[in-house]
Amino acid sequence: MIEKIAQIRLQAFREFEEAKSLQEAEAARNKYLGRKGAIADLFRHMPGIPPEERPEAGEALNRLRAELEVVAETAREKFAQKKEAPQIDTTLPGRMPHLGALHPLTIVTRQIIDIFRQMGFAVASGPEIETVYYNFDALNTPPWHPSRDESATLYLPNGFVLRTETSPVQIRVMEAMQPPVRIIAPGRVYRRDRPDATHSPMFHQVEGLYVDEGVTMADLKGTLVAFYRTLFGEQTAVRFRPHFFPFTEPSAEVDITCLFCAGKGCRICKEAGWIEMGGSGMVDPNVLDGVGYDSEKYTGWACGLGIERVAMFLYGIDNIRSLYDGDVRFLRQFI
Ligand code: DAH
């Protein structure tokens, strides 16, 4: 009897250990601990063994039953747990990953580039730390011009300047290639401005330059009208208002009809009906001669515009600082 018990014990332990599922573990439990199982069977055979062996056999059998109950329970828990975990509630709404968004200045810059690209313009760039020559002299800026003043321009101790406009890229491009030249140059510019709702000591401009034989002011007007209409909508009117820039002659400031009141006059355009967008003009012959172009043969137009102004106007942003704060609650809106 004792031997039989030991044999069943080994067999039962192995079966519980090898069980691979809850069903197999339950089957083992039934086989050994069930009402008609092996243990019950042995108990039933008790009366048939010699009386002197009974106490020892009974004790061994009780111990085995207790052991197997623990083993069976452990196996059941193991598989029950496996089945329940991982506890995923598939009815919960998903958690959105935080996707980045393009900065409004990036969006607008790309739009501007796209429009000019379609008209055959290439994208050029130049350094933000410029020489006085490229920033002023080569652009025909007279020595007395107020933009050269230290109160307007950020001079570096080594004599360089933080470029005050993207116009020096005109010079760098013309020095590097022969006409026809058809480029735009987006980038950062710096001025000694006190920050307020519409001013920042750093902001962005896009320069445009077109030089070839026979380029006229009609090309300038046609191109900018097409550009502003694509950017702001077909209803947009463009106005060229005489002005002075050192590197163009004649020069004009470019206004467009206010998007918000369609030119009737409102708070945004300060009742003018027009919004100033940038400067433009026919490239001054002095500038062409300065880069070695024959100003008798070639003519060209140039233009410049502020990217912040466009973004603020398009998106109705009333404080330029919102564009630099890096506040994701603001930036998240421009997806
Ligand atoms: N550079 C000028 C500014 O920053 C803008 C400008 C005016 C650019 C006329 C031009 C131009 O290319 O032709 O105020």
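Given the structure is predicted, the values throughout are model-derived calculations rather than measurements. Residue numbers count from 1 along this sequence. Remember, it's 1-based here, ligands and their atoms both numbered in the order they're listed.
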Notebook entry, point to check: Does Y190 have R163 sitting over its ring (NZ/CZ under 6.0 Å from centre, angle to axis within 45°)?
Noted result: no

Next item on the list: Tell me, please, whether F13 has R9 positioned over its six-membered ring: NZ or CZ under 6.0 Å from the ring centre and within 45 degrees of its axis?
Entry: yes

Under 4.0 Å, heavy atoms only, figure out whether ligand 1 is touched by the backbone of [X], its side chain, both or neither.
X    : answer
R191 : side chain
A302 : both
W301 : neither

Heavy-atom contacts with [X] under 4.0 Å: which atoms of ligand 1 show up? List them by number with element.
X    : value
Q205 : 3 (C), 4 (O)
G281 : 13 (O)
S167 : 1 (N), 8 (C)

Notebook entry, point to check: When only distance counts, is C303 in polar contact with ligand 1, meaning an N/O pair under 3.5 Å?
Noted result: yes

Notebook entry, point to check: Does any N/O atom on Q170 come nearer than 3.5 Å to any N/O atom on ligand 1?
Noted result: yes

Nearest protein heavy atom to [atom], by residue and atom, and its distance?
atom                    : value
atom 12 (O) of ligand 1 : E207 OE2, 2.6 Å
atom 11 (C) of ligand 1 : F247 CE1, 3.3 Å
atom 1 (N) of ligand 1  : E165 OE1, 2.7 Å

Margin query: Students often mix this up, so state it plainly: with edges at 30° and 60°, are the rings of W301 and Y210 parallel, tilted or perpendicular?
Written below: perpendicular

Checklist line | Proximal candidate to atom 9 (C) of ligand 1 [heavy atom criterion; set S280, G304, S147] | finding: S280

Next item on the list: Scan F227, F313, F260 and name whichever one has a ring-ring contact (aromatic ring centres under 6.0 Å, His included) with F232.
Entry: F313

Notebook entry, point to check: What is the minimum heavy-atom distance between H145 and T141, and which atoms define it?
Noted result: CB-CG2, 3.5 Å

